[in-house]
Amino acid sequence: MTSGNYQKHADSRGPSRIIIALDSLYARKLGTTTAVWLRQAEYTQRKAGNGCWWFKKILADRDDNNQMISPRWEIDQSFEYETGLTRSHQGKARKAAKKLGVLQERRSRNGGRLEYRIDLDLLARIVSMWADEERNFQRSEASEITFSNGESGGLESEISLSSTESIQIK
């Protein structure tokens, strides 16, 4: 499993922006919101180091017009700025990640800020299990394939298929 693709990208349209690669397997298993949050948290955990606690603000700083401000310092990074997820979406995603068993949270002794730790080893095992499940997906319902003869919409033949063979996804 590779870490999430994350990079700052400056272009002619304006200031740098953050690009997060959404893992479609995460999205299918967890929903898009949780997948976005978890991939960003996974990236941050890899950057901090496996097993280390790290901090990231929930909400972005805003200007007088309530527009998000690009963080000047790493300590000012926020999930909202990086992912666009609202506080409530982040809360739901964190709850799902905790239920999955991959997220730990604690309040720091200094300042009481919320710190996170993603169990990367457990996450890798879970993702591997999900991938295996998809590779071993079995078609359990009969399918019908209908061929038309192209004239007056009549049917030339109907073929009923059923299969218990595994479908290999590569």
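The first residue in the sequence is number 1, and the count goes up from there. This one's a predicted model, so the numbers in the text were calculated from it and none came from an experiment. Any value given below was found using the heavy atoms of this structure, including those in side chains, with hydrogens, waters and symmetry copies removed.
Gln90 meets the side-chain hydrogen bond (donor to acceptor under 3.5 Å, both in side chains) test with no other residue; sequence neighbours excluded. For Ala96, the side-chain contact (heavy atoms from CB on, under 4.5 Å) partners are Thr34, not counting sequence neighbours. Here Asp64 pairs with nothing under the side-chain contact (heavy atoms from CB on, under 4.5 Å) rule; sequence neighbours left out. With sequence neighbours left out, Thr33 forms a side-chain hydrogen bond (donor to acceptor under 3.5 Å, both in side chains) with no residue at all. With sequence neighbours excluded, the residues that form a side-chain hydrogen bond (donor to acceptor under 3.5 Å, both in side chains) with Trp54 are Gln45. Legend: residues meeting side-chain hydrogen bond (donor to acceptor under 3.5 Å, both in side chains) with Glu105, ordered by chain and number and at least two apart, are Arg94, Lys98. In this view, Gln104 and Trp53, Arg117 satisfy the side-chain contact (heavy atoms from CB on, under 4.5 Å) rule, not counting sequence neighbours. By the salt bridge (charged side-chain N to carboxylate O under 4.0 Å, His left out) test, Arg87 pairs with no residue at all, sequence neighbours left out.
We find the NZ-CG distance between Lys95 and Leu100 to be 14.5 Å, quoted to the nearest 0.5 Å. Between the CD atom in Gln77 and the NZ atom in Lys56 there is a gap of 5.5 Å [rounded to 0.5 Å]. Atom CG of Leu30 is separated from atom CD1 of Ile126 by 9.0 Å, given to the nearest 0.5 angstrom. In this structure, CD1 on Ile118 lies 13.0 Å from SG on Cys52, to the nearest 0.5 angstrom. Rounded to the nearest 0.5 Å, atoms CZ (Arg113) and OG (Ser108) are 5.0 Å apart.
Proximity of Leu38 to Asp23: side-chain heavy atoms (C-beta onward) are nowhere separated by under 4.5 Å. Under the 4.5 Å side-chain criterion, counting only non-hydrogen atoms from C-beta, Ile58 is not in contact with Glu80.
The nearest pair of heavy atoms linking Phe55 to Leu114 is CD1-O, 3.2 Å. Nearest heavy-atom pair across Ala131 and Leu25 is N-CD2, 4.1 Å.
Thr83 places no side-chain N or O within donor-acceptor distance of the main-chain N or O of Trp37, the cut-off being under 3.5 Å. At least one donor-acceptor pair closer than 3.5 Å links the side chain of Arg107 to the backbone N or O of Gly112.
Every pair passing side-chain hydrogen bond (donor to acceptor under 3.5 Å, both in side chains) that includes a residue from residues 119-132 is listed here, sequence neighbours excluded: Asp132-Arg135. Among pairs with a residue in residues 26-37, those fulfilling salt bridge (Lys or Arg N to Asp or Glu O under 4.0 Å) read Arg28-Glu134, Lys29-Glu133, at least two apart in sequence or across chains.
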Step-by-step side-chain contact (heavy atoms from CB on, under 4.5 Å) determination, Glu42 to Tyr26
CA-CA 12 Å; Glu42 179 185 356; Tyr26 283 43; 2.7 Å; yes
Start with the C-alpha distance between Phe79 and Leu85, add both sets of side-chain angles, then the distance that settles side-chain contact (heavy atoms from CB on, under 4.5 Å), and finish with yes or no.
CA-CA 7 Å; Phe79 277 111; Leu85 296 176; over 6 Å; no
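No side-chain donor-acceptor contact under 3.5 Å links Glu82 and Tyr43.
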